[in-house]
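In each ligand, atom 1 is the first atom listed, and ligand 1 is the first ligand listed.
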Amino acid sequence: MSARGLLVVALGGNAIQEPDGEDSVSSDFARTAATADRLARLAADGWRLVITHGNGPQVGNHLLRSELAHVHGDLPLLPLEVCVADTQGGMGYMLQQCLSNSLHRLDLPAVVATIVTQILVDQDDPGFAAPTKPVGEVIPAERAEVLREQGWELVEDRRRNGFRRVVASPHPLEIVEAAAIKTMVDEGMLVVAAGGGGIPVVAGPDGDIKGVAAVVDKDLASALLAVDLQADGLLVLTNVDAVALNYDTPSERPIASMTVAEALRYLDEGHFAPGSMGPKVEAVARFVEVTGRPGIVTSLDSAAPALEGGAGTRILP
Ligand code: ADP
Ligand code: MG
């Protein structure tokens, strides 16, 4: 056990929700249980794990519930940052339960704990002036105008024939609970942290922090956490086996490995879409640059072979 070091594993949306599958709590649990089995196998291989996860669809649903309860039941509207905190709790519960079940089945130590995680961002981050991060489900065109009038910023999603709400996505600066997470990891716990990219907070002149209505990219938050923990690797798991050049064109080709400099050049050349693969490559490159340790982008299925160098995309110093 623990012979292979510490991995920060960032789970994409498809680790929890089946793409285009049924949207229900029980199907999310089934999907998460399958994900947890794979992660437990990494633990069985000797890796210590810190798990982070996205929350796009979940935080969107939570916001919508809050809106509906406000309109129909006169309940107070929940600020976005409170919705992020709530989804950290709910999704952390699901991951905690599934991970401890999977670890138990393999007779591995199963102390799993989720920590509500705040992330410091800059009040003057340019992200606040230009919201780019989609949250929530696809909104049909006929509802778009009403929601715009309620102050929602919407962008059209042509491929999915509707609109998405977009919110600010400021750059993460510091993980408020980093020391607590480190203590838990050092005690041998499997920690679920920085769910949904963390709860964005800003510091006032008096040093007090308070939440802001934004979401932090979960891949950038995961990289920051991996740096803080001096992790031995950062594993970003998504719905493609590898990062590609000329993605979605006839000349698409997967990248087995690239240096930080190459990654940043390809990013500059526009190979990695903003809001999806862009922040993943940026995040992993940053971790690799700061720590000199490898980062990987791959799928859940290819995670184990990718750690052996036989799959996925590896970013090297
Ligand atoms: P996650 O929920 O895992 O964060 P995202 O949808 O944000 O997933 O990011 C993964 C997606 O990035 C892939 O499904 C793919 O459509 C898209 N993508 C954009 N550019 C690339 C690229 N160059 N190579 C591979 N995938 C890419
Ligand atoms: Mg994403």
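Under the rule for a side-chain contact (heavy atoms from CB on, under 4.5 Å), the partners of Ala223 that lie at least two apart in sequence or sit in another chain are Leu234, Ala283, Phe287.
Scanning both residues, Pro294 and Leu316, for their nearest heavy atoms gives CB-CD2, 4.3 Å. Shortest non-hydrogen contact noted between Pro279 and Pro274 is CD-C, 4.3 Å.
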Does the pair Leu237 and Thr35 meet the rule for a side-chain contact (heavy atoms from CB on, under 4.5 Å), with working shown?
CA-CA 10 Å; Leu237 300 182; Thr35 297; over 6 Å; no
Salt bridge (Lys or Arg N to Asp or Glu O under 4.0 Å) between Arg286 and Glu282: does it pass, once the steps are laid out?
CA-CA 6 Å; Arg286 185 156 170 75; Glu282 191 191 331; over 6 Å; no
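Under 4.0 Å from any atom of ligand 1, one finds heavy atoms of residues Gly12, Gly13, Lys218, Thr238, Asn239, Val240, Ala242, Val243, Ala244, Tyr247, His271, Phe272, Ala273, Gly275, Ser276, Met277, Lys280.
Checking side-chain atoms of Thr313 against main-chain N and O of Val243 turns up a donor-acceptor pair under 3.5 Å.
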